[in-house]
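What follows is a short report on a single structure.
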Number of protein chains: 2
Amino acid sequence: MDGNEALQQARARVIEAISQNMNLYGVTPSIGRLYCLLFFSDKPLTLDEMKEELGMSKASMSLAVRSLLDLNMVEKAWRKGVRKDLYVVKDDSFQRFFDLFMKKWRPAVSMNTKAIEKTIAELEELDENEAASDEDRERAKTDISKLQNWLVYYDWLDRLIDTFESKEILDFVPMEKKEKD
Amino acid sequence: MDGNEALQQARARVIEAISQNMNLYGVTPSIGRLYCLLFFSDKPLTLDEMKEELGMSKASMSLAVRSLLDLNMVEKAWRKGVRKDLYVVKDDSFQRFFDLFMKKWRPAVSMNTKAIEKTIAELEELDENEAASDEDRERAKTDISKLQNWLVYYDWLDRLIDTFESKEILDFVPMEKKEKD
DNA sequence: TAATACGTTTAATATATATTGAACGTATTA
DNA sequence: TAATACGTTCAATATATATTAAACGTATTA
């Protein structure tokens with residue numbers, strides 16, 4: 001086995017693992033492989049080069065790159081004299097993790113919170129509505145109480161994401177392991 | 001509009017929002033709706049009742065319940081004299097969030113770490129192999145350095161998940177907002 | 001024991017999503 | 001200007017996943 005072959009084979013193992021687990025970021029293995037291709041590449045790549053390497057269509061590459069841009073996992077690169085768009089990974093794993101929460105979780109927290117608040121308001125109206133049956137009003141009360149627990153959680157989650165965004169989380173869980181005493 | 005109708009409509013909004021955003025937990029909207037059904041139910045439900053409420057097959061309910069059990073989002077309930085299996089939500093949003101990391105993220109971290117470690121070992125061999133070309137050995141060195149950065153990140157992530165599992169994270173981001181001074 | 005009532009598995013189907021080739025718009029070059 | 005080289009969009013297709021009906025195994029009841 002020659003050196004290059006050994007290199008490719010060694011890389012293949014982590015590419016496979018990373019690509020498979022990339023679903024935690026809400027992307028497919030294909031997109032994961034593209035990310036890995038860029039990760040191991042020693043230079044920015046064009047859509048045509050990606051297409052060539054992965055044996056996929058240019059349209060796919062265009063879409064895949066866009067999802068990666070969305071997640072802040074890659075960025076455009078420029079090089080004098082090159083007209084094609086070039087892309088490189090933003091090789092900061094911590095930032096990648098934090099960005100996931102800012103891009104995906106934050107909007108979800110916001111949506112859910114708004115929905116819950118609006119619903120609680122409606123349920124309170126129902127509870128105060130004399131025309132409603134006792135049973136319905138009772139259920140409204142129960143729902144309100146359950147939903148308020150959710151609000152507490154979403155507020156917490158929002159504050160947790162704040163500590164990701166500000167990187168304050170690193171004060172609590174430091175990047176480097178503590179030295180053993 | 002009568003009370004019950006108002007109740008259903010109020011619930012529908014949060015059900016929709018929650019179900020849609022449940023993809024962050026790696027489950028489909030259908031499973032999300034089942035979760036919400038159980039959440040709002042005032043009693044444990046059987047597969048047949050779920051099937052009835054959601055208009056889906058029993059097989060679907062069986063599979064959906066299993067994913068929710070997997071994520072620790074529901075649990076079995078027993079009631080004297082009832083032979084059918086009964087299920088209720090585990091209505092602890094915080095625990096639900098922590099469990100996601102223990103069930104999904106932790107194994108991913110573990111898999112990726114192992115793959116990376118094994119690959120680094122192979123690359124080190126390659127780097128020390130006199131027969132390999134200088135170019136390949138150089139690339140191996142570069143890869144090793146990049147992969148070691150990932151190891152630092154995964155180690156950190158593992159420790160972060162530790163703070164979820166032990167709930168120490170709540171020391172840093174408390175459940176209740178701090179009172180304003 | 002036989003008969004019934006469960007939940008699960010399996011194989012088939014329906015649905016959603018990923019992927020593609022071709023058409024399109026825009027910028028660059030000649 | 002016309003011609004070429006891009007990246008993107010769109011409609012068609014391929015693939016993966018969700019969903020189902022039917023078969024199955026097990027426990028319970030009579």
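The basis for the numbers below is simple: all heavy atoms, side chains too, and nothing from hydrogens, waters or symmetry mates. Throughout, protein chains are lettered first and strands after them, A, B, ... in sequence-line order, and every chain is numbered starting at 1.
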Review point. Which class fits the ring pair Y35(B) and W150(A): parallel under 30°, tilted 30 to 60°, perpendicular over 60°?
Key: parallel
Exercise for review: Please give the nucleotide sitting opposite dT4(D) as a Watson-Crick or G-U wobble pair, both distances under 3.5 Å, or none.
Suggested key: dA27(C)
**Study point:** Rounded distance in Å - CG (L63(B)) to C1' (dT17(D))
**Key:** 12 Å
Exercise for review: Provide the Watson-Crick or G-U wobble partner of dT13(D), both distances under 3.5 Å; none if there is no partner.
Suggested key: dA18(C)
Exercise for review: Quickly work out the K84(B) NZ to dA27(D) C1' distance and round it to whole Å.
Suggested key: 15 Å
Check your understanding: Given the side-chain rings of F98(A) and W156(B), with only the six-membered ring counted for Trp, is the space between their centroids under 6.0 Å?
Key -> yes
Check your understanding: How long is the line joining OH of Y87(B) and P of dC6(C), in whole Å?
Key -> 13 Å
Check your understanding: Distance check: side-chain N/O of K58(A) vs OP1/OP2 of dT20(C), anything under 4.0 Å?
Key -> no
Exercise for review: Before accepting this row, confirm whether a basic side-chain N of the pair D99(B)/R106(B) lies closer than 4.0 Å to the acidic partner's carboxylate O.
Suggested key: no
Exercise for review: For the pair D136(A) (side chain) and N4(B) (backbone), establish whether a donor and an acceptor sit closer than 3.5 Å, ignoring hydrogens and angles.
Suggested key: yes
Revision key, fill the gap. Partner of dT10(C) under the Watson-Crick or G-U wobble criteria, both distances under 3.5 Å, comes out as dA21(D)
**Study point:** Atom-pair distance (CG on L69(A); P on dT8(D)), nearest Å
**Key:** 9 Å
Check your understanding: Is the phosphate of dA18(D), meaning OP1 or OP2, less than 4.0 Å from a side-chain N or O of R33(B)?
Key -> no
Review point. Of T28(B) and R83(A), whose nearest nucleotide on DNA chain D comes first from the 5' end?
Key: R83(A)
Point to revise | Separation of dG7(C) C1' from M50(B) CE (nearest whole Å) | key: 12 Å
Exercise for review: Please state whether the phosphate of dT9(C), meaning OP1 or OP2, lies under 4.0 angstrom from any side-chain nitrogen or oxygen of S62(B).
Suggested key: no
Check your understanding: For E49(B) and dC6(C), what is the distance between atoms CD and C1' respectively, to the nearest whole Å?
Key -> 14 Å
Point to revise | Note: K84(B)-D48(B) ion pair, threshold 4.0 Å (strictly below) | key: yes
Review point. Between R66(A) and dT9(D), is there a side-chain N or O to OP1/OP2 distance below 4.0 Å?
Key: yes
Check your understanding: Base, sugar-phosphate alone, or nothing: which one does S60(B) contact when heavy atoms must sit under 4.0 Å apart?
Key -> base
